[in-house]
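First the structure, in the form of structure tokens, and then the observations on it.
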Protein chains: 2
Amino acid sequence: MSEKEQKIFDKCRQVAQSCAVFNLRKASRALTQFYETALRPSGLRVTQFTLIVAVRLFGSTTISRLADTMVMDRTTLTRNLKLMEKKGFITTIPGEDRRERVVVLTEPGKESLENALPLWEKAQREIVDALGHRRFDEMLANLMATVSLVKAP
Amino acid sequence: MSEKEQKIFDKCRQVAQSCAVFNLRKASRALTQFYETALRPSGLRVTQFTLIVAVRLFGSTTISRLADTMVMDRTTLTRNLKLMEKKGFITTIPGEDRRERVVVLTEPGKESLENALPLWEKAQREIVDALGHRRFDEMLANLMATVSLVKAP
DNA sequence: AATTTTTAAGTGTATATACACATATTATGA
DNA sequence: TCATAATATGTGTATATACACTTAAAAATT
């Protein structure tokens, strides 16, 4: 290997070992699969579960506000909600401001949430126990810091 | 709110505040956008960049092995590679074992990697500096622990 | 050697994600 | 008030992701 090629190879090692987005995405894939499996009996996907939770917490809210909360592109949210509407978990109604659409949980949506919560708790407990509470809280804090850091500007 | 509804509401708060997959996916979305923007001039998407890095490190390798390394579903990798082949970054050739396909970097692929590396370095430095080295390393370790934890079984 | 099992990869389908652009409605300013 | 700017949302397109199922080839078993 030439000196230049060696340099590039070393940089690649650095990427694999320390790249934030590489490791974060990898962990995201792994953990998503774990929670997807856990939530499957409820009929909710991870994304749908978290969206329902968010709507339950904030109450009926507009798409843009929900997207901002989820740190999700607005158009991504539109597509996700469309699917959830088709499945009957939510509906959207026009707001007072006629440009807005307000997201509302349906009864089936609330029921699915109720079914999913114990499944989530079990999965969550497994992860927390395996990682250790201290480590888990540490990671959570770091993830939140990362989000606000990138979201800030 | 009934007592039961209050209980569900409290659980939802718990999910928002502490759910591993919720916070991990949120951070993943945020950080992905940051790195996508940084890498854009190179013509590589984040996924493509990390895949090229992996192939550069491991040398030509099969799809299954690469998928395992990336903690990525094999069929996901197939689709990602198809795209990268169309764009000319890689090719695949049959292995000695005729069931296997071996992934090989092309010259344009290597060039794109070379262009992307300084862009990655800049983005990475920004994140590490903003989070602080100690915090960053801590997060990295925790992410890796999470991956091996979920991957183990 | 022939049959069965295992392994490597691809396809059909569904969901998740976001950028560029278009449309409709509200707010602002001349 | 009317024209313009700002805001909220939707659509077209491209990429990322994985499950269920299929196909082809190698390995194991009888």
Next on the checklist: On DNA chain D, does the nearest nucleotide to A/R29 precede the nearest nucleotide to A/E100 from the 5' side, or the other way round? Give the residue.
Outcome noted: A/E100
Next on the checklist: Could you tell me if B/R25 and A/T32 have a donor-acceptor pair between their side chains, going purely by distance under 3.5 Å?
Outcome noted: yes
Checklist entry - Quick one: what's the B/S/- string for nucleotides 19-28 of chain D, heavy-atom cutoff under 4.0 Å, read 5' to 3'? => result BB----BS--
Item to check | B/E138 and A/N142 side chains, donor-acceptor separation under 3.5 Å | outcome: yes
Checklist entry - Side-chain donor-acceptor pair under 3.5 Å between B/E111 and B/N115, yes or no? => result no
Checklist entry - With a 4.0 Å cut-off on heavy atoms, is A/R25 in touch with a base, just the backbone sugar-phosphate, or nothing at all? => result sugar-phosphate
Next on the checklist: Using the rule given for side-chain contact (heavy atoms from CB on, under 4.5 Å), can you reason through B/R13 versus B/F9, listing the C-alpha separation, both sets of side-chain angles and the distance that settles it, and then say yes or no?
Outcome noted: CA-CA 6 Å; B/R13 266 210 302 237; B/F9 189 83; 3.9 Å; yes
Checklist entry - Could you give the CG-to-C1' distance, from B/L77 to D/dA18, as a whole number of Å? => result 12 Å
Next on the checklist: Counting C-beta onward and ignoring hydrogens, is there a side-chain heavy-atom pair between A/S18 and B/L140 closer than 4.5 Å?
Outcome noted: yes
Item to check | Spacing of B/L39 atom CG relative to C/dC19 atom C1', expressed in whole Å | outcome: 16 Å
Checklist outcome for this item: Out of C/dT11, D/dA16, D/dT9, minimum distance to the side chain of B/L83 belongs to D/dA16
Checklist outcome for this item: Taken to the nearest whole Å, CG/A/D68 to P/C/dA18 is 13 Å
Next on the checklist: Within the 4.0 Å heavy-atom criterion, would you say A/T62 contacts the bases, only the backbone, or no part of the nucleic acid?
Outcome noted: sugar-phosphate
Checklist entry - Think A/N80 has a side-chain N or O under 4.0 angstrom from the OP1 or OP2 of C/dT15? => result no
Item to check | N or O in side chain of A/T47 less than 4.0 angstrom from C/dA16 OP1/OP2 | outcome: yes
Checklist outcome for this item: Comparing nearest nucleotides in DNA chain D, the 5'-proximal residue of the pair A/T78, A/R45 is A/T78
Next on the checklist: Could you tell me how far apart B/M84 (CE) and D/dA14 (C1') are, to the nearest whole angstrom?
Outcome noted: 16 Å
Checklist entry - Is any side-chain nitrogen or oxygen of A/T32 closer than 4.0 Å to OP1 or OP2 of D/dA18? => result no
Checklist entry - When you measure from the side chain of B/S64, which nucleotide among C/dT15, C/dA8, D/dT15 comes out closest? => result C/dA8
Item to check | Protein-nucleotide distance (B/L44, atom CG; D/dA16, atom P), rounded to Å | outcome: 10 Å
Checklist entry - Between D/dA18 atom P and A/Q48 atom CD, what is the distance in whole Å? => result 16 Å
Next on the checklist: Among A/N80, A/T106, A/T92, exactly one meets side-chain contact (heavy atoms from CB on, under 4.5 Å) together with A/E85. Which residue is that?
Outcome noted: A/T92
Next on the checklist: Do the side chains of A/E36 and A/R40 get close enough for a salt bridge, i.e. N-O under 4.0 angstrom?
Outcome noted: no
Checklist entry - Please give, in whole Å, the distance from D/dT11 C1' to A/R101 CZ? => result 15 Å
Checklist entry - A/K87 has an atom NZ; how far is it from atom C1' of C/dA16, in whole Å? => result 14 Å
